Amino acid sequence: HRHRTTVRISGYDLNTGANGLVNVQPVTNEYRNTFIRTEVLGHFATGPITHDLTLGVSRTSRYSLAADVQNMTLPQRQNIFDPIVLNPPVYTKPGVTSPSQTSTDAAVYAYDTIALTKRLKLLVGARQVLDTEESGSVTSQNHVFSPAYGVLFDVLPTTTLFASYMQGLEAGGTAPANAANANVILAPAISKQKEFGIRDSFFKGLSVSASYFEITRGNAVTDPVTNIFGYSGDLSYKGVEATATYEINRAWRIHAAVLRLKARQEAPNQPLINGMTPENTPDWTGNLGVSYSPAAVPGLTLRGGVALISKRPVNAQDQGYIPGYSLYNIGASYTTRIQGRRTTFQLAIDNLANKRYWNSVTTGTYGIGMDRTIKFNVKFDM
């Protein structure tokens with residue numbers, strides 16, 4: 001259950017920031033998500049071939065209701081560069097309630113890892129889904145079949161090549177407050193993924209993994225002409241990702257990860273966004289970290305690292321960008337035994353330099369990055 005009021009300012013002078021139109025939108029949301037799953041796992045052989053089989057049934061349901069919905073324009077104008085305190089809105093009539101929405105997926109599935117030889121494994125699977133969409137008194141149903149395939153081949157005992165293809169339903173997005181169909185949740189859409197890569201630990205202390213992937217999913221976006229939130233073609237993601245961990249010795253370890261991504265909107269029916277990068281999507285992300293476990297203090301580990309992300313478009317038309325940033329983090333953990341039970345103390349400091357930054361931008365709303373944050377927790381193994 002959530003009630004919130006969104007305030008948006010538009011139409012202001014780009015140079016002075018004056019004469020901004022202030023729009024206030026209160027809304028009360030009810031959400032209920034339920035998930036049920038039952039599986040049977042089995043390991044057996046058919047002649048020289050071994051199987052690791054999973055059989056399962058699942059049911060996922062999302063319910064939502066938007067009530068007390070209003071859209072009010074304040075009589076006062078606002079200057080975004082020199083703001084004034086505005087009088088609170090006075091609602092003269094009750095808000096409206098949108099039709100409730102329920103999205104339910106009932107599925108049966110099977111996945112099998114087949115060891116043809118010691119070096120070659122096949123992965124095969126299938127999922128049959130009955131998708132039911134209810135919006136008010138209107139109900140629609142669709143049957144969706146989702147296959148999955150994969151292969152693992154050990155070139156060497158320390159080197160594995162892998163490839164896979166998967167597809168399945170992905171939950172639909174929710175229309176933002178500034179869309180013509182605000183708070184409407186889209187029906188699920190089919191997503192597809194292809195990937196191939198390599199994992200290797202040939203060199204002592206060094207473990208690396210690298211892969212190339214392609215992902216296609218529905219492009220849930222607010223149309224720049226109609227202002228209606230819906231699917232407009234597909235999103236195409238093509239990228240290369242890699243991770244590496246190197247244990248220099250028992251005390252020192254280095255880990256790194258990098259992602260190079262080319263994301264494009266394939267929306268031929270809307271030329272204003274066709275071929276553009278999706279909002280809030282960077283071309284590069286990465287992180288680098290080091291950990292130290294001194295032999296003089298068994299159980300103690302000290303950590304430090306940096307996370308990096310490149311600039312990202314502020315909307316589907318790529319009309320501006322929020323800048324990239326780098327964040328430094330440090331931490332420490334200590335594991336010991338208290339009255340015979342394993343106990344771990346953990347301390348972490350995120351955004352060590354207290355950097356000011358935008359961490360996201362979605363549907364025209366900027367997310368402010370967290371200030372320097374100190375976190376401490378203790379875990380007891382019972």
Side-chain angles (χ1 to χ4, degrees), residues 33 35 37 39 41 52 54 152 154 156-160 162 195 197-211 213 239-261 280 282 284-310 312 322-360 367-382:
N33 299 323
F35 178 73
R37 181 179 67 189
E39 292 184 342
L41 310 178
D52 287 287
T54 299
L152 297 168
D154 295 334
L156 298 171
T158 57
T159 306
T160 301
F162 60 89
E195 182 180 21
I198 183 173
R199 290 193 293 264
D200 182 78
S201 57
F202 180 80
F203 297 99
K204 183 180 180 180
L206 178 63
S207 298
V208 297
S209 176
S211 65
F213 63 87
V240 176
E241 60 181 348
T243 62
T245 300
Y246 181 48
E247 294 187 4
I248 302 174
N249 50 43
R250 289 187 175 183
W252 290 94
R253 173 183 290 188
I254 299 173
H255 62 85
V258 64
L259 169 64
R260 174 67 171 98
L261 181 65
N280 198 43
W284 289 92
T285 59
N287 63 73
L288 177 66
V290 60
S291 64
Y292 173 60
S293 301
V297 187
L300 176 65
T301 300
L302 306 176
R303 298 180 180 85
V306 58
L308 309 100
I309 189 169
S310 64
R312 288 161 288 168
I322 56 174
Y325 59 83
S326 57
L327 296 180
Y328 296 91
N329 310 297
I330 61 173
S333 64
Y334 178 66
T335 301
T336 185
R337 286 191 174 273
I338 297 179
Q339 294 184 346
R341 302 186 185 279
R342 180 183 173 92
T343 305
T344 302
F345 301 87
Q346 291 184 319
L347 174 68
I349 303 178
D350 298 332
N351 191 9
L352 182 65
N354 204 27
K355 188 180 186 66
R356 298 280 291 174
Y357 64 100
W358 302 113
N359 70 348
S360 65
I368 300 174
M370 289 288 291
D371 297 337
R372 181 189 297 114
T373 305
I374 302 175
K375 296 180 290 186
F376 176 76
N377 67 71
V378 182
K379 183 176 70 172
F380 301 95
D381 289 352
M382 304 302 292

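If you're wondering where the values come from, they're calculated on a predicted model, not measured in any experiment.
Considering all non-hydrogen atoms of both residues, Y357 and L327 come closest at OH-CD1, 3.4 Å. The two residues V240 and F213 have their closest heavy-atom pair at N-CE2, 4.1 Å. Of all non-hydrogen atoms in R342 and R337, the two that sit nearest each other are N-NH1, 3.6 Å.
Between R341 and D381, every side-chain heavy-atom pair lies at or beyond the 4.5 Å cut-off. For the pair N351 and M370, the minimum side-chain heavy-atom distance is 4.5 Å or more. Counting only heavy atoms from C-beta outward, the side chains of D52 and L41 never approach each other to under 4.5 Å. R372 places a side-chain heavy atom less than 4.5 Å from the side chain of I349. The shortest distance between side-chain heavy atoms of V208 and F203 does not fall below 4.5 Å.
Side chains of T336 and T343: a donor-acceptor N/O pair is absent below 3.5 angstrom, by distance only. S293 and T301 share a donor-acceptor pair across their side chains, judged by distance under 3.5 Å alone. Residues T54 and E39 have side chains that never bring a donor and an acceptor to within less than 3.5 angstrom of each other.
R303 places no side-chain N or O within donor-acceptor distance of the main-chain N or O of A332, the cut-off being under 3.5 Å. In this structure, N329 contributes its side chain and G305 its backbone to no donor-acceptor pair below 3.5 Å. Of the possible polar contacts, one joining the S310 side chain to the W284 backbone as a donor-acceptor pair under 3.5 Å is found.
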Please assess L302 against L300 for the test side-chain contact (heavy atoms from CB on, under 4.5 Å), listing each intermediate value before the final yes or no. CA-CA 7 Å; L302 306 176; L300 176 65; 4.1 Å; yes
Could you walk me through whether L288 and V258 satisfy the side-chain contact (heavy atoms from CB on, under 4.5 Å) test, starting with their C-alpha distance in whole Å, then the side-chain angles of each, then the deciding distance to 0.1 Å, before giving a yes or no? CA-CA 9 Å; L288 177 66; V258 64; over 6 Å; no
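Under a cut-off of 6.0 angstrom, the local environment of CZ in F162 is crowded, with over 12 non-hydrogen atoms contributed by other residues, nucleotides or ligands. Within 6.0 Å of atom CD1 in I368, 12 or fewer heavy atoms from other residues, nucleotides or ligands are found, so the atom counts as exposed in its surroundings.
Atoms CD1 and OG, on I198 and S209 in that order, are 9.0 Å from each other to the nearest 0.5 Å. Separation of atoms CG (N377) and OG1 (T344) is listed at 9.0 Å; rounding is to 0.5 Å. Taking CG of N287 as the start and CG of L259 as the end, the distance is 10.5 Å to the nearest 0.5 Å. The structure places CG of L352 at 11.0 Å from OG1 of T373, a figure rounded to the nearest 0.5 Å. Going from atom NZ of K375 over to atom CG of L347 covers 10.5 Å, rounded to the nearest 0.5 Å.
In this structure, the ring-ring contact (aromatic ring centres under 6.0 Å, His included) partners of Y292, at least two apart in sequence or on a different chain, are W252. With sequence neighbours excluded, the residues satisfying side chain to side chain contact (heavy atoms under 4.5 Å, CB included) with R312 are N280, P282, I309, I322, Y325. The side chain to side chain contact (heavy atoms under 4.5 Å, CB included) search around E247 returns R253, not counting sequence neighbours.
Between D371 and K355 there is no salt bridge, since none of the side-chain N atoms of the basic residue sits less than 4.0 Å from a carboxylate O of the acidic one.
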